[in-house]
Amino acid sequence: MSLNRVSSLETFTILHADQRSRRSSDASTRDRKLSFNPLPQEWDPVTTLDQVHAVGAFEVPRWKRMLQVTVSVIYCLFAAGVVFGYAAIKPVLKDEGAYRDICQEQTSVSEDTCVEIHLNLMFTVAAVTTNVAALPIGAILDHFGPRVCGLLGALFLAIGSAIMAFEHRVPFDGLLFGYTLLALGGPFTYIGSFQLSNAFPRHSGLVLALLTGAFDASSALFLVYRIIYERTAGAFGHRRFFLFYLAVPVLIVLCQLFILPAQSYKTVGELVEEMDESPPASPSAADQIDEETALLQEESRAHRDAIHDLLGTARADKQARREEAKNTISGVWGVMHNHPALVQIKSPWFILICAFTVIQMTRINYFVATLRAQYTSLLGSPTAAAEINHFFDLALPLGGILSIPFIGVLLDRTATATVLAALVACAATIGALGLIPSKAAAYGGICLFVLYRPFYYTAVSDYSAKVFGFRTFGTVYGTIICLSGLFNFSQSGLDYLFHETFGGDPGPVNVMLLGVGLVVGVALVGFVSVRAKAMRRKVLSREAEGAFGGVRWG
């Protein structure tokens with residue numbers, strides 16, 4: 001599973017005076033704003049749409065902005081990542097006989113294995129769709145605004161729900177197509193809500209944390225449904241559930257049309273530029289202006305005051321100093337910022353993080369899809385495996401929510417090489433715990449897994465922004481996630497190895513994934529550490545040359 005997770009939507013680059021004067025120029029505005037557009041800037045030049053649509057948050061009443069954030073968090077809670085509650089809904093679908101009619105005709109594998117493979121393929125395709133969808137969604141968001149994204153998300157959710165409800169009546173695999181459309185609707189609603197962090201610039205981190213928390217918690221929806229299903233002894237089947245779920249896309253449409261903004265809010269950098277472009281009038285010239293000019297100056301002054309009130313007294317200069325401190329701590333900030341996207345993608349910086357992401361995303365989604373089957377084999381008890389599955393269903397959304405504040409602090413105050421080393425160590429520990437036939441190891445591994453998962457995805461997006469820059473973020477990060485998603489199709493092969501080749505023993509597959517991930521992870525950490533040290537030495541050398549250059553000898 002993956003979606004874009006970022007701690008900030010903008011970099012605070014200090015601009016020279018000549019750059020500030022170019023309000024709509026590519027250098028001044030677009031380079032400072034994180035773009036989800038997968039097309040490189042040279043292929044997708046700035047258009048009038050990019051300049052006209054943004055609106056300043058000070059132009060919208062505070063109560064309305066608060067309402068916009070509230071409704072977005074609510075519908076993300078019900079729509080953003082529901083498909084990742086797969087481990088909770090899988091037992092329900094199996095109990096209702098999903099794929100039994102197809103698998104009874106299969107002879108190559110057992111009926112249970114056939115059902116497992118079909119259901120896991122359903123989840124795999126959904127996970128791949130979520131990842132690949134980040135590419136077109138980025139372009140749509142940049143060019144057409146969040147309302148179009150929201151409405152498209154509601155459309156996919158509605159069609160997906162209807163197909164899931166009537167999957168026995170459609171002439172194709174209704175579960176596969178319906179679940180895939182639900183997966184496609186989620187990122188449209190979630191990514192389109194990111195821009196709301198600019199509705200409250202002084203609290204943008206809080207808004208992003210709320211949206212990310214809603215995304216993580218949305219996987220609990222299927223857990224709630226499974227509990228209802230069990231309490232009603234199966235009377236509340238998946239058909240009734242998905243018919244009720246049609247209320248969610250209806251809610252999203254109403255919110256998009258009557259509450260939420262049609263276009264994105266302006267970023268802090270854009271607002272600061274507006275202030276810099278409209279300096280206060282000179283007092284000495286006050287007696288030389290006519291009535292019309294005085295009115296324009298009064299409007300300009302009111303405009304500046306509104307932006308100042310919105311941003312607070314700290315303004316962007318203070319924020320810029322904080323961002324520069326974080327960038328210095330990372331040790332890798334800006335290493336590839338001045339290179340075109342194609343050069344960045346060919347570099348070891350990209351190849352290593354992409355390979356690591358491919359392996360880890362495959363491991364994460366494979367674990368979610370096969371959790372109960374793995375622990376049934378490891379513990380030799382379906383009852384114990386069901387208990388662990390229930391614990392996982394609850395821990396998955398809670399882990400994402402609880403880890404949010406700690407992730408931000410860790411990424412801001414820790415060198416990137418150290419963060420990557422922590423990721424590799426956590427992944428190795430989870431893999432090792434997954435090999436031990438013990439309930440204590442199972443619970444420990446799950447607790448670490450649910451904390452590791454959001455940390456991992458956020459760290460990859462943070463790495464992409466710091467190393468490659470915001471201007472090419474959509475291209476580079478989108479490529480990483482897209483390739484990782486496509487490689488997730490290997491889960492079907494892993495399923496076959498697990499159930500057939502190794503006779504239901506999860507050990508060999510897990511050892512393979514653990515070994516490959518460890519090798520690539522160590523290579524990534526080693527490369528980043530060496531390059532970061534070289535960058536520090538170069539900076540210190542330049543500072544020393546500058547210091548001695550100002551000394552006059554004799």
Side-chain angles (χ1 to χ4, degrees), residues 1-6 36-38 80-81 83-84 86 120-138 180 183-184 186-187 190-191 212 215-216 219 341 344-370 400 419-420 423-424 426-427 430-431 449 452-468 472-495 509-510 512-521 523-525 527-528:
M1 147 194 167
S2 175
L3 281 177
N4 296 302
R5 292 164 176 264
V6 290
F36 293 109
N37 194 338
V83 294
F84 297 108
Y86 168 74
N120 291 347
L121 178 63
M122 177 188 81
F123 173 67
T124 299
V125 173
V128 171
T129 300
T130 301
N131 298 331
V132 176
L135 295 174
I137 292 172
T180 300
L184 187 58
Y190 175 61
I191 296 176
T212 304
F215 167 77
D216 288 315
S219 63
Q344 292 177 340
I345 290 173
K346 291 180 178 179
S347 71
W349 293 97
F350 174 87
I351 294 171
L352 287 171
I353 192 64
C354 185
F356 187 64
T357 305
V358 165
I359 296 166
Q360 295 306 315
M361 192 178 296
T362 301
R363 283 189 64 190
I364 289 171
N365 290 333
Y366 174 72
F367 181 77
V368 172
T370 61
V419 171
L420 294 174
L423 287 175
V424 175
C426 287
I430 293 169
F449 175 86
Y452 167 80
R453 186 191 64 141
F455 173 41
Y456 169 74
Y457 287 121
T458 310
V460 173
S461 62
D462 182 76
Y463 173 98
S464 300
K466 288 175 178 175
V467 172
F468 303 110
T472 59
F473 180 87
T475 305
V476 175
Y477 184 71
T479 302
I480 292 173
I481 297 304
C482 181
L483 290 174
S484 302
L486 292 175
F487 272 92
N488 266 250
F489 280 119
S490 64
Q491 285 186 59
S492 295
L494 297 177
D495 267 336
V509 173
N510 286 334
M512 275 193 312
L513 293 173
L514 172 60
V516 175
L518 193 58
V519 170
V520 175
L524 172 64
V525 172
F527 173 79
V528 173

Inter-residue atom distance L494.CG - F489.CZ, 0.5 Å rounding: 13.5 Å

Can you give me the closest heavy-atom contact between P187 and A133, atom names plus distance? CG-CB, 4.2 Å

To the nearest 0.5 Å, tell me how far S347 OG sits from I353 CD1. 11.0 Å

How close do V520 and A355 get, counting heavy atoms only, and between which atoms? CG1-CB, 3.9 Å

If you look at every heavy atom in A369 and F123, which pair is closest and at what distance? CB-CD2, 3.9 Å

If you measure from CD1 on I359 to CG on L514, what distance do you get to the nearest 0.5 Å? 11.0 Å

Looking only at non-hydrogen atoms, find the nearest pair between C482 and V132 and report the distance. SG-CG2, 4.0 Å

Under 3.5 Å donor-acceptor, Y366 side chain and N510 backbone: no

Taking C-beta and beyond as the side chain, do F455 and V419 meet within less than 4.5 Å on heavy atoms? yes

Please find the pair of heavy atoms, one from F527 and one from P348, that lie closest to each other, and give the distance. CZ-CB, 3.6 Å

Would you compute the distance between atom CZ of F84 and atom CZ of R453 and round it to the nearest 0.5 angstrom? 8.0 Å

Counting heavy atoms not belonging to F487, are there more than 12 under 6.0 Å from its CZ? no

Under a 4.5 Å cut-off applied to non-hydrogen side-chain atoms, are V467 and F350 in contact? no

When T362, V358, T124 are each screened for side-chain contact (heavy atoms from CB on, under 4.5 Å) with S490, the one that passes is T362

Mind checking side-chain contact (heavy atoms from CB on, under 4.5 Å) for Y456 and listing every partner two or more places apart, or none if nothing turns up? F356, T357, Q360, I364, L423, Y452, V460

For Y463, check ring pair (Phe, Tyr, Trp, His ring centres under 6.0 Å) against everything at least two apart and list the hits. none

From CZ (R363) to CG (N488), nearest 0.5 Å: 13.0 Å

Measure the shortest side-chain to side-chain distance between I481 and M361 over non-hydrogen atoms and say whether it is less than 4.5 angstrom. yes

Minimal heavy-atom distance between C354 and S484, with the atoms involved, is O-OG, 4.4 Å

